[in-house]
Enquirer: 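Quick one: this structure, given as structure tokens, is what I'll be asking you about.
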Amino acid sequence: MQSNKDKANFFDKVYEVVYRIPHGRVTTYGAIAAYLGSRGSSRMVGWAMNHSHKASPGIPAHRVVNRQGVLTGKHHFGSPAMMQQLLENEGVIVEDDQVVDFREKFWDPSRNIDDA
DNA sequence: GGTGTGACCAGCT
DNA sequence: AAGCTGGCCACAC
């Protein structure tokens with residue numbers, strides 16, 4: 001079982017989750033990794049974002065931040081201020097590279113994706 | 001084909 | 001209390 005499509009389980013799932021992040025909302029690498037069933041694979045989620053623009057252009061990677069709500073990968077958007085600008089553009093306030101009211105803006109995949 | 005690295009997280013010292 | 005190491009999976013050389 002698990003035909004040839006099973007190959008990109010984790011990776012592909014990451015893109016799907018990120019795509020489903022609503023505007024003005026943010027999620028964390030660990031949350032996605034945990035949703036996929038592996039909290040230890042949080043690094044893979046970040047790595048996936050690294051190639052997200054080449055694998056699937058249009059991925060709102062700026063909505064993905066670390067556990068603290070800090071824009072860890074802001075430097076990977078071409079411009080360090082780009083990620084913050086994108087978030088603020090969606091209504092997410094970022095201060096000192098950190099998402100304000102991160103708890104409120106946090107979007108849990110395992111809790112909302114199922115309802116969507 | 002082995003080694004190293006990577007936008008992390010959590011536990012141990 | 002804070003710093004560091006380990007662990008996870010996938011890609012590049």
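Proteins get letters first, then strands, A, B, ... in listed order; numbering begins at 1 in each. All heavy atoms count here, side chains included; hydrogens, waters and symmetry mates do not.
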Enquirer: In whole angstrom, give the distance that lies between atom CD of A:Q68 and atom P of C:dA2.
Expert: 12 Å
Enquirer: Under a 4.5 Å cut-off applied to non-hydrogen side-chain atoms, are A:V18 and A:I32 in contact?
Expert: yes
Enquirer: Rounded to the nearest 0.5 Å, what separates atom CD1 in A:I59 from atom OH in A:Y19?
Expert: 4.0 Å
Enquirer: Just how far, in rounded Å, is C1' of C:dA12 from CZ of A:F11?
Expert: 13 Å
Enquirer: Suppose you measure atom P in B:dC8 against the same atom in C:dA1; what distance do you get, rounded to whole Å?
Expert: 25 Å
Enquirer: Could you state the OH-P distance from A:Y29 to B:dA10, rounded to the nearest angstrom?
Expert: 14 Å
Enquirer: Quickly work out the A:D12 CG to C:dA10 P distance and round it to whole Å.
Expert: 12 Å
Enquirer: Tell me: CG of A:L86 to P of B:dA7, nearest whole Å?
Expert: 19 Å
Enquirer: Is it true that a side-chain atom of A:N66 and a backbone atom of A:G69 form a donor plus acceptor pair closer than 3.5 Å?
Expert: yes
Enquirer: Does a side-chain N or O of A:T72 approach OP1 or OP2 of B:dC8 to a distance below 4.0 Å, or not?
Expert: yes
Enquirer: Please examine the side chains of A:V70 and A:V65, heavy atoms only from C-beta on, and report whether any two atoms are closer than 4.5 Å.
Expert: no
Enquirer: Look at the side chain of A:S42 against the base of B:dC8 and say whether a donor-acceptor pair falls under 3.5 Å; ignore hydrogens and angles.
Expert: yes
Enquirer: Between C1' on C:dG7 and CG on A:L36, what's the gap in Å once rounded to a whole number?
Expert: 17 Å
Enquirer: Between A:R63 and A:E90, does any side-chain N to carboxylate O distance fall below 4.0 Å?
Expert: yes
Enquirer: Return the polar atom pairs (N/O with N/O) between nucleotides 2-6 of chain B and the protein under 3.5 Å, or none.
Expert:
{"from": "B:dG6", "atom 1": "N7", "to": "A:R43", "atom 2": "NH2", "distance (Å)": "2.6"}

Enquirer: So, for A:A61 and A:M49, which heavy atoms are closest and what is the spacing to 0.1 Å?
Expert: CB-SD, 3.8 Å
Enquirer: So what does A:A61 touch, heavy atoms closer than 4.0 Å: a base, only the sugar-phosphate, or nothing?
Expert: base
Enquirer: Hey, could you give me each pair passing ring pair (Phe, Tyr, Trp, His ring centres under 6.0 Å) that has a residue in residues 54-104 of chain A? Not counting sequence neighbours.
Expert: A:F102-A:F106
Enquirer: Starting at atom NE2 of A:H53, determine the distance to atom P of B:dA7, rounded to an integer number of angstrom.
Expert: 12 Å
Enquirer: Select one nucleotide: of C:dC8, C:dG7, B:dA7, the one nearest the side-chain heavy atoms of A:F77.
Expert: B:dA7
